[in-house]
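Reading through the structure tokens given below for one structure.
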Amino acid sequence: MFKNRCTKRICIALISIIAILFILSSYATYFLNNRLPKIIAEKNDTAYNLTYEDLSFSFFNSSLSLKNVEVSPKDSLMIKDSIAATGKVKEIDVVGINFFKLITKKEVAALSININEPSVNYYLRDKKDSIKKDTAQSKVGQSIDVSNVNINNGEFNLFSQSGKRHLANVSNFTIDFDGVRFNERTADKKIPFKYSDFDIKLDSMFFVIKDQQILRARKVRFNDTDFELDNFTMKPLKMNRNLYVPNETEVDLLDIETPLLSLSKMDWGFTNEDKLYFKTDLIRFKKPLITIIQAKPANKIVTTKDAKVDIKADVAELINIKKLQIEQGKIKALFSNATTVKYAVNNVNLSIEGIKMNELTRTNEIPIDYKTFRVKLDSMYFRLNEMHTLTASSFDLTEKKLVLKDFKMKPLISKSQFNQNYTKSNSLLDIEAPILTLNNNSWGFKDKQFYFHTNSIKLDEVDVKILDEKNEKV
């Protein structure tokens with residue numbers, strides 16, 4: 001009898017507690033849905049309206065849910081120019097939130113935050129506007145401590161300040177962060193929060209680079225150690241359908257296509273001095289097609305920076321790549337007229353090992369150090385000057401040795417053209433050699449000019465024809 005009474009009382013107590021929690025949750029939800037929008041409207045002195053359609057609150061699992069959240073600019077001409085972003089979110093779910101810390105300490109502590117189908121539009125602002133500090137900006141929290149943050153099926157767009165030019169898009173992205181920590185110690189860092197692990201996936205993206213190039217990719221995968229881009233392309237922004245147009249800019253333009261660009265076993269981040277460091281075991285380009293449209297010589301930027309940096313090597317090493325690999329690539333360079341080929345190589349296989357770039361190497365003409373490299377290709381064409389071209393059916397280059405097979409140096413102009421025009425050479429040549437070997441080579445840049453030195457040249461069965469000569473010096 002005693003046990004029955006005790007059990008009955010416990011049941012009544014549990015039911016009462018559940019009923020109280022249910023009533024409190026219902027009242028809190030009702031209060032927040034009816035009073036919170038008015039409080040936000042009264043206290044909101046930013047350039048944005050924050051609205052939502054439904055807010056659910058539960059004491060049972062310490063959860064908070066918002067549906068159809070929207071951030072939009074206020075209808076005011078005075079603050080229109082300060083708009084930097086707008087956004088919509090279908091649903092935000094916060095599970096395991098510590099309401100006591102949130103209310104008393106303004107600290108966000110939760111087990112998980114799930115953000116479903118966010119859509120964000122960001123508008124570029126003038127540099128002079130970006131340096132102004134928004135004194136009305138409010139703090140969301142003194143600190144954030146969340147075990148897991150998920151963003152599902154998101155979309156991001158970047159527009160010009162007027163909103164007329166679409167500069168970037170990231171579609172259907174999913175982001176998963178574990179162990180997110182944000183506080184006053186991390187707020188001023190390059191990455192303003194800490195995390196234990198992350199994983200990012202997206203279906204497609206494009207990005208306009210300096211109003212000159214457009215970058216596209218599909219199926220991007222990115223985490224702490226690996227990075228992959230499927231169907232990566234970079235194209236000149238100005239093209240006549242599939243044809244290149246003359247390059248009137250001050251920089252070389254690129255047309256790159258590759259089915260796969262991947263980085264493996266990465267380690268990256270920022271040092272305590274906020275210097276970027278990056279390490280990876282392998283950067284791999286699979287079957288890239290690369291075309292370079294060179295800048296017009298009169299417009300090309302020439303750097304005159306000769307300053308030397310005196311920094312200890314142990315603190316200067318920022319980028320370390322064990323191996324860079326290009327598989328079965330094709331590379332072609334065009335003069336600024338976008339039609340004349342300067343050089344072209346086919347079936348390129350490139351391997352460079354032990355790459356380092358740091359404050360010490362950046363002042364060099366070739367801003368990297370490396371241990372070994374090798375370049376092999378099936379065929380090559382090089383326009384040596386206005387008179388001759390170089391071709392070979394095979395090209396094999398290492399640090400100290402160069403081997404060319406079926407080497408040919410052929411005239412680019414006829415005898416009559418040679419005699420009618422002033423050129424840099426007094427001889428019109430036709431040279432063929434089955435194998436050309438150069439040993440103990442050294443090359444690089446000196447005083448901003450490329451140099452190539454060799455200790456020996458070996459030509460097998462060379463056939464040299466002097467087609468024509470000029471006696472006068474040109």
Side-chain angles (χ1 to χ4, degrees), residues 29-30 32-58 63-95 97 102 108 110 112-125 129-130 134 136-141 144 146 148-177 180 182 192-193 198-208 217-218 220 222:
T29 300
Y30 173 80
L32 291 173
N33 275 308
N34 286 272
R35 291 293 302 157
L36 188 59
K38 295 179 181 179
I39 295 172
I40 292 174
E42 291 174 358
K43 301 295 184 180
N44 182 11
D45 54 1
T46 68
Y48 303 93
N49 286 318
L50 173 62
T51 60
Y52 58 88
E53 289 186 3
D54 183 54
L55 185 151
S56 298
F57 179 85
S58 174
S63 66
L64 181 68
S65 176
L66 284 166
K67 293 184 179 180
N68 296 324
V69 182
E70 182 173 356
V71 177
S72 59
K74 291 179 178 177
D75 187 16
S76 172
L77 296 176
M78 295 178 63
I79 59 176
K80 185 178 180 181
D81 293 337
S82 64
I83 295 300
T86 61
K88 294 181 180 180
V89 181
K90 185 175 182 180
E91 187 176 16
I92 301 175
D93 288 323
V94 184
V95 179
I97 188 168
L102 180 64
V108 178
S112 68
I113 297 178
N114 297 304
I115 303 172
N116 298 319
E117 298 185 29
S119 177
V120 178
N121 297 325
Y122 187 85
Y123 300 85
L124 287 179
R125 303 172 71 176
D129 293 334
S130 62
D134 187 2
Q137 185 177 3
S138 60
K139 294 182 179 180
V140 175
I144 296 175
V146 183
N148 182 258
V149 177
N150 288 304
I151 302 175
N152 303 307
N153 302 324
E155 182 168 355
F156 173 81
N157 293 289
L158 177 66
F159 294 93
S160 61
Q161 186 176 18
S162 64
K164 294 181 179 179
R165 297 181 59 235
H166 198 178
L167 302 177
N169 170 262
V170 180
S171 293
N172 197 24
F173 63 83
T174 299
I175 302 175
D176 185 1
F177 276 102
V180 177
F182 169 83
F193 60 91
F198 77 94
D199 187 76
I200 298 174
K201 296 178 182 179
L202 57 96
D203 280 353
S204 65
M205 62 170 285
F206 79 81
F207 189 80
V208 176
R218 301 187 69 84
V220 180
F222 183 29

Measure across [X] and [Y] and return the closest heavy-atom pair with its distance rounded to 0.1 Å.
X	Y	value
Thr174	Asn153	OG1-N, 3.9 Å
Ser112	Asn114	OG-ND2, 4.0 Å
Ser160	Leu167	N-CD1, 3.9 Å
Phe182	Phe193	CB-CB, 4.2 Å
Asn116	Val89	O-CG1, 3.6 Å
Thr86	Ser72	CG2-CA, 4.4 Å

In Å, rounded to the nearest 0.5 Å, how long is the span from [atom1] of [X] to [atom2] of [Y]?
X	Y	atom1	atom2	value
Leu66	Glu91	CG	CD	9.0 Å
Leu202	Glu155	CG	CD	11.5 Å
Glu70	Lys88	CD	NZ	4.5 Å

Point to revise | Steps toward side-chain contact (heavy atoms from CB on, under 4.5 Å) verdict (Phe173, Ile151) | key: CA-CA 8 Å; Phe173 63 83; Ile151 302 175; 3.7 Å; yes

Practice item. May I ask you to test the Asn68-Lys90 pair for a side-chain heavy-atom distance under 4.5 Å? Key: yes

Review point. So do the side chains of Phe207 and Leu158 get within less than 4.5 Å of each other, counting heavy atoms only?
Key: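 They are in contact (side-chain heavy atoms under 4.5 Å apart), so the answer is yes.
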
**Study point:** Test applied, side-chain contact (heavy atoms from CB on, under 4.5 Å); reference residue, Val94; option that passes from Ile113, Val146, Ile115
**Key:** Ile113

Exercise for review: Give a yes-or-no answer on whether the side chains of Ser171 and Asn169 include a donor-acceptor pair shorter than 3.5 Å.
Suggested key: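 Ser171 vs Asn169: donor-acceptor pair found between side chains.
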
**Study point:** Donor-acceptor side-chain pairing of Asn150 and Asn148 below 3.5 angstrom
**Key:**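 A donor-acceptor contact under 3.5 Å links the two side chains.
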
Point to revise | Those residues that, when tested against Phe159, pass ring-ring contact (aromatic ring centres under 6.0 Å, His included) (two or more places apart) | key: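 Counting only residues at least two positions away or on another chain, Phe159 forms a ring-ring contact (aromatic ring centres under 6.0 Å, His included) with Tyr123, His166.
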
